[in-house]
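These numbers were taken from a predicted model, which means no experiment stands behind them.
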Amino acid sequence: MDKDPFKAYKVKLKETKRVFLTKDELESLETKEIPIERLSIVRDVFVFCCYTGLSYVDVEKLTSHNSAKNNDGEIWINIDRTKTGSPSSLPLLPKALHLLNKYKRYPTDDDPNKLLPVISNQRINAYLKKIASLSGIKKNLTVHAARHTFGTTITLSNGISIETVSAMLGHKNFKTTQIYAKVVREKISADIKKLKETMS
């Protein structure tokens with residue numbers, strides 16, 4: 001070939017719709033009485049991820065070696081993100097700390113230092129669909145939705161700077177975090193629209 005047939009071709013990235021829980025949906029999930037133990041544990045692991053922003057692979061490998069008291073007297077999680085290899089440090093919010101304390105003496109088969117009883121990603125995602133249904137949530141919940149919930153509902157919506165959120169999520173590229181900010185702006189826009197309708 002004397003000409004490159006792809007010379008004028010430009011790759012376009014298609015934006016995916018990120019699923020995250022609103023404040024009300026998260027509260028509904030947290031407070032729902034779930035009598036089946038395995039579902040209750042999965043719900044707790046999911047909620048822990050909502051308050052830490054940890055991905056499945058990172059929460060699954062968490063051990064007591066990743067948890068330490070910082071100079072400020074707070075308990076922090078220090079971990080190298082599996083996906084990027086970048087170090088990430090985050091202070092534990094009270095609800096996340098409560099869940100770690102809840103499972104402090106929970107028996108684990110493979111590693112006594114594990115902080116949470118995490119089952120396979122596939123089984124967690126299957127159980128999350130049932131948990132969502134029980135909690136009246138009409139969204140396709142996966143473990144990754146918890147990370148998006150942390151990036152939007154827990155942090156950016158509560159005035160945490162995008163730089164801080166980026167550091168806590170362990171993002172190497174700042175543009176990755178800006179996707180969460182865009183989602184928050186869309187939510188603000190939708191809320192203001194509702195407010196205008198109410199006021200008129």
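Neither Ile79 nor Trp76 shares a network with the other; the hydrophobic side chains, linked directly or stepwise wherever heavy atoms of I, L, V, M, F, W or Y lie under 4.5 Å apart, form separate groups for each. Taking hydrophobic clusters as Ile, Leu, Val, Met, Phe, Trp and Tyr residues chained together by side-chain heavy-atom distances below 4.5 Å, Phe48 shares a cluster with Ile34. One hydrophobic cluster, built from ILVMFWY side chains closer than 4.5 Å, holds both Leu99 and Leu93.
Annotation: the span from Leu141 atom CG to Glu25 atom CD amounts to 8.0 Å, rounded to 0.5 Å. Expressed to the nearest 0.5 Å, how far OG1 of Thr63 lies from NE2 of His65 amounts to 4.5 Å. Atom OG1 of Thr52 and atom CG of Leu97 lie 12.0 Å apart (nearest 0.5 Å). Separating the OH atom in Tyr127 from the CD1 atom in Ile119 is a distance of 5.5 Å, to the nearest 0.5 Å. To the nearest 0.5 angstrom, Lys102 atom NZ is 6.0 Å from His98 atom NE2. Going from atom OG1 of Thr82 over to atom CD of Glu60 covers 9.0 Å, rounded to the nearest 0.5 Å.
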Report task. Check the pair Arg81 / Asp58 against side chain to side chain contact (heavy atoms under 4.5 Å, CB included), numbers first and verdict last. Result -> CA-CA 7 Å; Arg81 297 286 182 173; Asp58 289 329; 3.2 Å; yes
Report task. Might you work through the side chain to side chain contact (heavy atoms under 4.5 Å, CB included) test for Phe20 and Thr153, ending with a clear yes or no? Result -> CA-CA 8 Å; Phe20 65 94; Thr153 306; 3.5 Å; yes
Requested in this report: Check the pair Asp44, Ser40 against side chain to side chain contact (heavy atoms under 4.5 Å, CB included), reporting the backbone distance first and the verdict last.
Outcome: CA-CA 6 Å; Asp44 288 347; Ser40 179; 4.3 Å; yes
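With Thr152 contributing its side chain and His148 its backbone, the two residues share a donor-acceptor pair below 3.5 Å. The backbone N or O of Leu54 lies less than 3.5 Å from no partner atom in the side chain of Arg147, so there is not a single donor-acceptor pair. Under a 3.5 Å cut-off, the side chain of Ser133 and the backbone N or O of Lys129 do not form any donor-acceptor pair.
Of the N and O atoms on the side chains of Tyr51 and Glu30, at least one donor lies less than 3.5 Å from an acceptor on the other residue. Looking only at atom types and distance, the side chain of Asn125 has no donor-acceptor partner in the side chain of Thr142 under 3.5 Å away.
When all heavy atoms of Cys49 and Ala146 are compared, the pair lying nearest together is CB-CB, 3.5 Å. In this structure, Pro117 and Val45 approach most closely via the heavy-atom pair O-CG2, 4.1 Å. Nearest heavy-atom pair, Ile154 versus Cys50, reported as atom, atom and distance to 0.1 Å: CG1-O, 3.3 Å. Here the closest heavy-atom approach between residue Leu90 and residue Ser88 is recorded as CD2-OG, 3.9 Å.
Within a 6.0 Å radius of NZ in Lys61, more than 12 heavy atoms belonging to other residues, nucleotides or ligands are found.
In this structure the side chain of Leu29 reaches within 4.5 angstrom of the side chain of Arg43, judged on heavy atoms. At least one side-chain heavy atom of Val118 sits less than 4.5 Å from a side-chain heavy atom of Tyr56. Glu74 has its side chain out of reach of Leu92: every pair of non-hydrogen atoms, C-beta onward, lies at least 4.5 Å apart. Residues Ser67 and Leu115 have side chains in contact (heavy-atom distance under 4.5 Å, counting atoms from C-beta outward). By the 4.5 Å heavy-atom criterion applied to side chains, Asn70 and Pro91 are not counted as neighbours. In this structure the side chain of Asn78 never reaches within 4.5 angstrom of the side chain of Asn66, judged on heavy atoms. Between Leu116 and Tyr106 there is no side-chain heavy-atom pair separated by less than 4.5 Å. In this structure the side chain of Lys139 reaches within 4.5 angstrom of the side chain of Thr22, judged on heavy atoms.
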